Amino acid sequence: MPRVIVVSPPFASHAAPLAALATALAALGAEVYFACAPEFADLVQGEDPTFVPLTVSRNSNTGVAEATRQPVSEAARLREFLDATRVGAVPALLTQARHRRADMLTDPEGVLQSLRALDDQLSPDWYVTDQLSFAVTLALHCMGAPYATFCPGHPTYVLASSDTYFGVPYDWPRAMRPDQADADRLLAAARENDAAFTSKFDAFARRHAPSAPSPGRAFALTSPHAVVYAYPDLPWLPDPARGPVRLHAGHMVPPGVPALNVDWSQRLERLRRHTERILLVAFGTFLSARDDVLRTVVKGVVDGLPDAGVVVAAGQRSRGLADLASDRAVVAATVPQQALLQHVDAMVHHGGGNSFTECLRAGVPALVLPFSSDQFAVARDAERSGVGIVADPNTLKWTDIPRALDGLRGPKRDAALSGSVRLRSRGPGWAAERLLRVMARSVPGR
């Protein structure tokens with residue numbers, strides 16, 4: 001069995017699924033090391049896999065972005081990003097495109113030096129790294145180290161062709177399609193970033209590994225051996241004509257989702273006394289800061305759906321939303337999302353890859369309110385697969401909520417349950433088993 005180092009960026013929504021994959025690889029007999037920032041050591045237990053402290057990014061998110069200690073400049077960028085989401089989809093994506101100039105290749109020399117030291121210390125046979133950890137991928141390319149890529153969100157993070165660009169949704173949900181002028185602005189910004197980063201990657205590789213092949217397009221630099229997608233293999237997704245083995249795990253929920261603890265079981269029991277159905281509302285680790293939209297959703301449930309109760313993950317805004325708590329509404333900073341999905345009737349989420357796939361696995365339909373990143377592509381997939389309804393969070397009124405959530409009953413619920421049956425046979429264990437097969441038959445020289 002191989003010795004594998006799984007390298008994760010210091011973001012909760014990336015580290016948790018990568019830790020699940022690392023644990024699954026270890027369960028199959030591989031010697032696995034999970035390398036991430038020290039704050040994430042509790043994601044793996046004991047020595048199987050073994051935690052190794054490694055920080056590969058200057059910004060981080062340990063679970064609630066606003067609560068994570070950040071450099072002053074990173075906190076300011078987070079505020080700017082959140083402000084841009086209030087303006088609209090394209091302004092948010094343009095802000096992210098501009099921020100990438102500063103945060104996607106920070107300290108590449110330091111990352112390369114740290115990985116070389118770790119490589120000397122542990123002599124791994126393989127690495128697994130996040131597609132969005134571009135500095136790590138570039139370092140591994142320069143080292144000539146064999147690695148597999150983990151794609152944490154929408155599959156189009158791995159570029160399928162020369163005319164696709166990082167940061168441009170492959171498709172838009174019906175309610176949020178931009179006009180041509182905005183679409184052109186976004187494409188121009190993405191092309192500019194593509195050229196700038198490709199130039200930086202090429203210069204770095206020529207300086208540190210002059211005998212290595214050119215890394216090519218920066219955002220397309222991916223393992224030549226295997227890519228693990230934490231996403232289902234939907235038939236309409238862009239399909240690269242050739243390249244590495246593609247492993248669509250469908251989701252990264254570990255087997256045996258933990259049961260709700262006593263406190264959460266009692267909260268749900270109290271809600272059930274007053275309601276017939278329960279809705280979960282969560283916007284991930286960054287976008288819980290959009291408390292204006294959280295308030296709109298809760299008001300729509302409480303005032304417009306007398307048979308429904310709601311559980312809200314409000315992050316740092318939970319105190320400001322405490323007035324919403326009632327016999328039919330639970331407001332908490334964080335929630336055990338995977339466990340709660342086994343007990344709720346529908347979810348309202350932001351189109352994050354984890355939320356989408358966890359809902360699919362649990363058979364829970366969703367109202368999707370995308371704000372940024374790959375969320376528009378994920379929302380379009382939810383819409384197209386019949387398991388969700390999409391609305392623009394910035395034009396949403398509380399009076400829109402009852403009809404939208406009632407629309408998740410019937411065919412949408414049936415489609416979600418059907419998808420759940422298909423996905424439950426996959427997950428991190430399925431991906432780990434097939435990834436080990438790739439590793440066994442691909443022994444590149446170093």
Side-chain angles (χ1 to χ4, degrees), residues 12-13 16-17 19-21 23-24 27 43 45 63 230-232 249-285 288 297-298 301 305 307-314 328-368 378 382 385-389 405-406 408-431:
S13 58
L21 181 60
T23 301
L43 288 178
Q45 302 297 324
Y231 209 85
H251 64 87
M252 295 306 292
V253 179
V257 177
L260 292 173
N261 62 26
V262 172
D263 179 47
W264 275 104
S265 294
Q266 290 176 345
R267 290 181 180 186
L268 288 194
E269 184 180 344
R270 287 194 294 270
L271 283 179
R272 289 287 183 197
R273 293 194 199 117
H274 301 277
T275 64
E276 296 177 11
R277 51 179 167 153
I278 296 177
L279 310 170
L280 172 61
V281 182
F283 293 163
T285 55
S288 58
V297 173
V298 174
V301 173
L305 293 171
D307 68 332
V310 61
V311 175
V312 186
R328 292 174 48 214
V330 172
V331 179
T334 60
V335 302
Q337 180 167 305
Q338 292 177 3
L340 280 173
L341 282 171
Q342 313 306 309
H343 302 275
V344 302
D345 300 280
M347 184 173 178
V348 182
H349 65 73
H350 61 306
N354 290 334
S355 292
F356 172 62
T357 58
E358 288 169 15
C359 280
L360 276 181
R361 181 193 173 279
V364 174
L367 170 61
V368 188
V378 173
S385 58
V387 300
I389 294 172
L405 292 177
D406 278 340
L408 296 178
R409 291 174 156 180
K412 297 261 184 315
R413 177 71 173 177
D414 293 342
L417 290 172
S418 177
S420 173
V421 171
R422 292 193 299 272
L423 280 193
R424 283 181 181 269
S425 62
R426 297 211 174 185
W430 180 95

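Here the structure is a predicted model, which is why all the values come from computation and not from measurement.
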Worksheet entry | Minimal non-hydrogen separation, Pro428 against Ala24, with atom names | O-CB, 3.5 Å
Discussion item. Can you tell whether the side chains of Arg277 and Asp406 come within less than 4.0 Å, N to carboxylate O?
Written reply: yes
Item to complete: Start with the C-alpha distance between Phe356 and Val368, add both sets of side-chain angles, then the distance that settles side-chain contact (heavy atoms from CB on, under 4.5 Å), and finish with yes or no.
Response: CA-CA 9 Å; Phe356 172 62; Val368 188; over 6 Å; no
Worksheet entry | Closest heavy-atom pair and its distance - Ala313, Ser288 | O-CB, 4.0 Å
Discussion item. Would you compute the distance between atom CZ of Arg267 and atom CZ of Arg272 and round it to the nearest 0.5 angstrom?
Written reply: 16.0 Å
Discussion item. Do Val364 and Val387 make a side-chain contact, defined as non-hydrogen atoms from C-beta onward lying under 4.5 Å apart?
Written reply: no
Fill in: Pairwise side-chain contact, Ser425 with Trp430, heavy-atom cut-off 4.5 Å (strictly under)
no
Worksheet item: At their closest point, which heavy atom of Ala339 faces which heavy atom of Pro258, and how far apart are they?
Response: CB-O, 3.3 Å
Worksheet item: Is any side-chain N of the basic residue among Lys412 and Asp345 closer than 4.0 Å to the acidic one's carboxylate O?
Response: no
Worksheet entry | Point-to-point distance, once rounded to the nearest 0.5 Å, from CD of Glu269 to CG of Leu260 | 12.0 Å
Worksheet item: Which atom pair, heavy atoms only, marks the closest approach of Gly250 to Leu423?
Response: CA-CD2, 3.7 Å
Worksheet item: Got Met252 and Leu21 here, is their nearest side-chain heavy-atom distance under 4.5 Å?
Response: yes
Worksheet item: Quick one: does His251's side chain get under 4.5 Å of Pro232's, heavy atoms only?
Response: no
Worksheet entry | Chi angles and distances behind the salt bridge (Lys or Arg N to Asp or Glu O under 4.0 Å) call for Arg409, Asp307 | CA-CA 14 Å; Arg409 291 174 156 180; Asp307 68 332; 3.2 Å; yes
Discussion item. Using side-chain heavy atoms (C-beta onward) and a distance below 4.5 Å, is Leu280 in contact with Gln337?
Written reply: yes
Discussion item. If I compare all heavy atoms of Ala366 with all of Cys359, which pair ends up nearest, and what's the gap?
Written reply: CB-SG, 4.5 Å
Worksheet item: Do Thr23 side-chain atoms and Ala19 backbone N/O form a donor-acceptor pair below 3.5 Å?
Response: yes
Worksheet entry | Test item: Arg328 side-chain N/O and Val301 main-chain N/O as donor-acceptor pair under 3.5 Å | yes
Worksheet item: With a 4.5 Å limit on heavy-atom distance, are the side chains of Met347 and Pro365 in contact?
Response: no
Item to complete: Could you tell me whether the side chain of Val312 reaches within less than 4.5 Å of the side chain of Val330, counting heavy atoms only?
Response: no
Worksheet item: Is the shortest heavy-atom distance from the side chain of Leu340 to the side chain of Leu268 under 4.5 Å?
Response: yes
Worksheet item: Can you tell me if Arg361 and Thr357 form a side-chain donor-acceptor pair at under 3.5 Å?
Response: no
Fill in: Heavy-atom closest contact (Ala382 atom, Ser385 atom, distance)
O-OG, 3.3 Å
Worksheet item: Is there a donor-acceptor pair closer than 3.5 Å between any side-chain N or O of Ser418 and the backbone N or O of Asp414?
Response: no
Discussion item. Working to the nearest 0.5 angstrom, can you tell me the gap between Leu367 CG and Leu408 CG?
Written reply: 6.5 Å
Discussion item. Nearest 0.5 Å, please: how far is CD in Glu358 from CD in Gln342?
Written reply: 9.5 Å
Response to the item:
The single option from Ile278, Val311, Val310 that satisfies side-chain contact (heavy atoms from CB on, under 4.5 Å) with Val344 is Ile278
Worksheet item: Under 3.5 Å, side chain of Arg413 to main-chain N/O of Gly363, donor-acceptor pair present?
Response: yes
